[in-house]
Each structure stands twice: as structure tokens, then as C-alpha cells.
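What follows is a short report on a single structure.
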There are 2 protein chains.
Amino acid sequence: MSKNKPQNPACADKLKTLADSTRLAVLEILMEGPKHVTDLNTVLGLDQSLLSHHLKVLRDAGLVKAVRDGKAVLYSLAPGVDLSQTGKSINLGCCQLNFD
Amino acid sequence: MSKNKPQNPACADKLKTLADSTRLAVLEILMEGPKHVTDLNTVLGLDQSLLSHHLKVLRDAGLVKAVRDGKAVLYSLAPGVDLSQTGKSINLGCCQLNFD
DNA sequence: TTTTGATATCAATAATATTTCATATGAAAA
DNA sequence: TTTTCATATGAAATATTATTGATATCAAAA
């Protein structure tokens with residue numbers, strides 16, 4: 001027998017985006033409000049390129065949005081995702097996560 | 001520069017366990033109540049060995065528990081994890097997920 | 001006490017994701 | 001307009017994870 005990969009791949013994929021300590025840290029920081037990449041990296045202390053790659057993963061997943069601000073770029077949680085008025089939580093559409 | 005892998009690896013690792021469509025499906029089924037492996041696989045339709053591997057990942061993460069029942073094995077959500085009275089949700093310790 | 005049914009494990013391979021390194025781009029400052 | 005600062009991107013190297021296939025285990029039934 002063999003008929004693999006079943007249901008709900010969409011939700012699993014979204015969770016995959018969160019399932020990385022760097023990206024999770026980025027999201028937790030952004031739950032406090034928008035931040036420039038430099039500020040993110042002050043706390044994360046990563047190789048510049050690596051952080052940039054992770055930010056791309058988050059952008060591609062629609063979890064964050066980026067707007068240019070002078071020579072910097074300002075990141076924030078994407079609109080539908082941000083549930084920070086309801087405590088530290090994130091809406092993935094298929095499910096929501098609460099960190100409290 | 002290079003001083004990678006920062007904070008919260010524990011939570012990221014738990015999310016990693018969920019971030020797979022098969023395992024997510026297993027958990028969603030178990031939110032309805034305990035099931036034998038055979039019953040899980042009636043709905044999942046996987047290679048026996050593959051399902052067994054995924055169940056091991058879930059066991060190792062402490063998300064499910066398994067008890068032998070005759071020649072079968074009965075799986076259920078691990079005690080602290082099961083929040084199914086509060087709706088379809090799961091407690092990972094570091095955060096909780098709600099699927100509603 | 002062998003066979004069968006249900007599940008688990010192990011070793012190998014395949015598929016994916018992360019990290020690094022070098023280089024590119026856009027915007028302001030000199 | 002060149003240099004510098006902040007960030008992004010592409011390609012290659014690593015690392016991690018998932019899948020397959022063969023075999024082992026454990027319990028009940030024959």
C-alpha cells in the first residue's frame with residue numbers, strides 16, 4: 001500500500017513557518033509592535049543574511065508585512081494575523097496560537 | 001559574524017511536531033477521543049510503517065499516549081495536552097492552539 | 001507451539017529546510 | 001556621483017526530516 005500525504009496540508013504548512021526558534025522569536029517581538037530589521041537583530045544577534053532569509057519565509061507565508069522606511073525596513077505582523085489586543089496571540093486562519 | 005540559534009527552541013520544537021499534515025490529522029482525530037492505530041489508519045490511509053513512525057514522533061514529544069489493548073494499541077492525547085472540553089484545542093505548554 | 005494480526009523498529013534513501021558566503025539593490029549622506 | 005548603510009537575493013553546502021522496505025515483537029487464536 002502507499003497513498004501518502006493526506007488532509008490539511010495548508011495548516012501544517014503555516015505551522016511549519018512558526019516551527020523555528022528564530023521565526024518564532026521574530027513573531028514574538030513583533031507582537032509588541034513594529035520593528036526595524038536592525039532592532040530585531042539587536043535582540044536576535046544573527047548573521048544578517050540569515051535573518052533576512054527567515055524574514056522572507058515569514059513574508060511569503062503572509063505572517064508579516066514589510067514597508068521601507070528610509071534606508072531601513074519596518075516589519076510588523078500582517079493585519080489578519082495580529083491578535084495582540086487579545087493577549088499574545090496569532091491567527092493563522094486555520095487555527096490560532098496563544099502564548100500566555 | 002555568526003552566533004546563531006537563539007531563544008525558545010523548546011516551543012519551536014513542539015510546534016515542529018505539529019507542523020506536519022499527518023501528525024496534525026492524527027491529533028485532530030484524537031481530539032474526538034481515543035482511537036486504535038487501525039482506526040486512525042482507516043481515515044489516514046497510510047503505509048503502516050509510516051504512520052507508526054509519525055506516532056513515535058508524537059509519543060516522543062509527549063503529545064499522545066499509547067496503551068496496549070489486546071493485539072492493538074490505543075492512542076489518546078496526553079493528559080496535559082488535551083483541552084478538548086474547551087473546544088478543539090491543544091496545550092503545548094509554551095502555547096496553546098485552537099482550531100475552531 | 002505455530003500461525004496470524006497489529007504494531008514497532010532499523011537501516012537506507014529521498015525530500016526539504018537551514019545556514020553560509022558572495023554579491024546585489026535601494027536610499028540617504030558625503 | 002561615489003560611498004556608505006541597511007537589507008535582500010542566489011547558489012552551494014549542511015543539516016534535518018520524511019518515506020520506504022525489510023524485519024522484529026507481542027499478543028491472541030488456531
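No hydrogens, no waters, no symmetry mates; every other heavy atom, side chains included, goes into these values. Residue numbers start from 1 in every chain, and the chains themselves are labelled A, B, ... in the order their sequence lines are given, proteins ahead of strands. Note that the structure is a prediction, hence the values are computed from the model and not measured.
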Taking the side chain as every heavy atom from C-beta outward, state whether A/Leu30 and A/Lys35 have any pair of such atoms under 4.5 Å apart. yes
Looking only at side-chain N and O atoms, does B/Arg23 come under 4.0 Å of OP1 or OP2 in D/dA18? yes
Phosphate contact (C/dT19 OP1 or OP2) by A/His54 side-chain N/O below 4.0 Å: yes
Check this for me: does the side-chain of A/Gln48 come within 3.5 Å of the base of D/dA6 through a donor and an acceptor? no
For B/Leu55 and C/dA8, give me the distance from atom CG to atom P, rounded to whole Å. 6 Å
Among B/Leu63, B/Val26, B/Leu27, side-chain contact (heavy atoms from CB on, under 4.5 Å) partner for B/Leu77: B/Leu27
Judged by nearest nucleotide, the residue sitting upstream toward the 5' end of DNA chain D, A/Lys56 or A/Arg68, is A/Arg68
Nearest-Å distance for atom pair NZ/P, residues B/Lys65 and C/dA8: 14 Å
Can you measure A/Asp47 atom CG to C/dA22 atom P for me and round it to whole angstrom units? 11 Å
Output the rounded distance in Å from CG (B/Asp69) to P (C/dG5). 18 Å
Considering only D/dT9, C/dA8, D/dT7, which nucleotide approaches the side chain of B/Tyr75 most closely? C/dA8
Base C/dT9 paired with B/Ser49 side chain (donor-acceptor, <3.5 Å): yes
Decide whether A/Leu58 and A/Leu83 are clustered together by the hydrophobic rule: side chain heavy atoms of Ile, Leu, Val, Met, Phe, Trp, Tyr closer than 4.5 Å, transitively. no
So, is B/Arg59 close to the C/dT7 phosphate, meaning a side-chain N or O under 4.0 Å from OP1 or OP2? no
Could you tell me the separation between the CG atom of B/Leu74 and the P atom of C/dA8, rounded to a whole number of Å? 11 Å
Per atom distances to the A/Lys71 side chain, the nearest of C/dT7, D/dT7, C/dA28 is C/dA28
Would you classify B/Thr38 as touching base, sugar-phosphate or nothing, given that sugar-phosphate means primed atoms plus P, OP1 and OP2, and contacts are heavy atoms under 4.0 Å? sugar-phosphate
Between C/dA27, D/dT9, D/dA8, which nucleotide gets closest to the side-chain atoms of A/Val73? D/dA8
Is there a stack between B/His53 and D/dT19, judged by ring centres under 5.5 Å and planes under 30°? no
Please report the distance, rounded to the nearest Å, between CG in A/Leu51 and P in C/dT19. 11 Å
Tell me: CG of B/Leu50 to C1' of C/dA14, nearest whole Å? 13 Å
Please report the distance, rounded to the nearest Å, between CG in B/Leu40 and C1' in C/dT7. 12 Å
Name each donor-acceptor pair under 3.5 Å that joins a side chain in residues 91-100 of chain B to protein atoms two or more places apart or in another chain, with its distance.
residue  : atom : partner  : partner atom : Å
B/Asn91  : OD1  : B/Gly93  : N            : 3.0
B/Asn91  : ND2  : B/Gly80  : O            : 3.3
B/Asn98  : OD1  : B/Asp100 : N            : 3.4
B/Asp100 : OD2  : B/Lys88  : N            : 3.4

Taking side-chain contact (heavy atoms from CB on, under 4.5 Å) as the criterion, tell me which of A/Leu51, A/Leu74, A/Thr42 meets it with A/Val37. A/Leu51
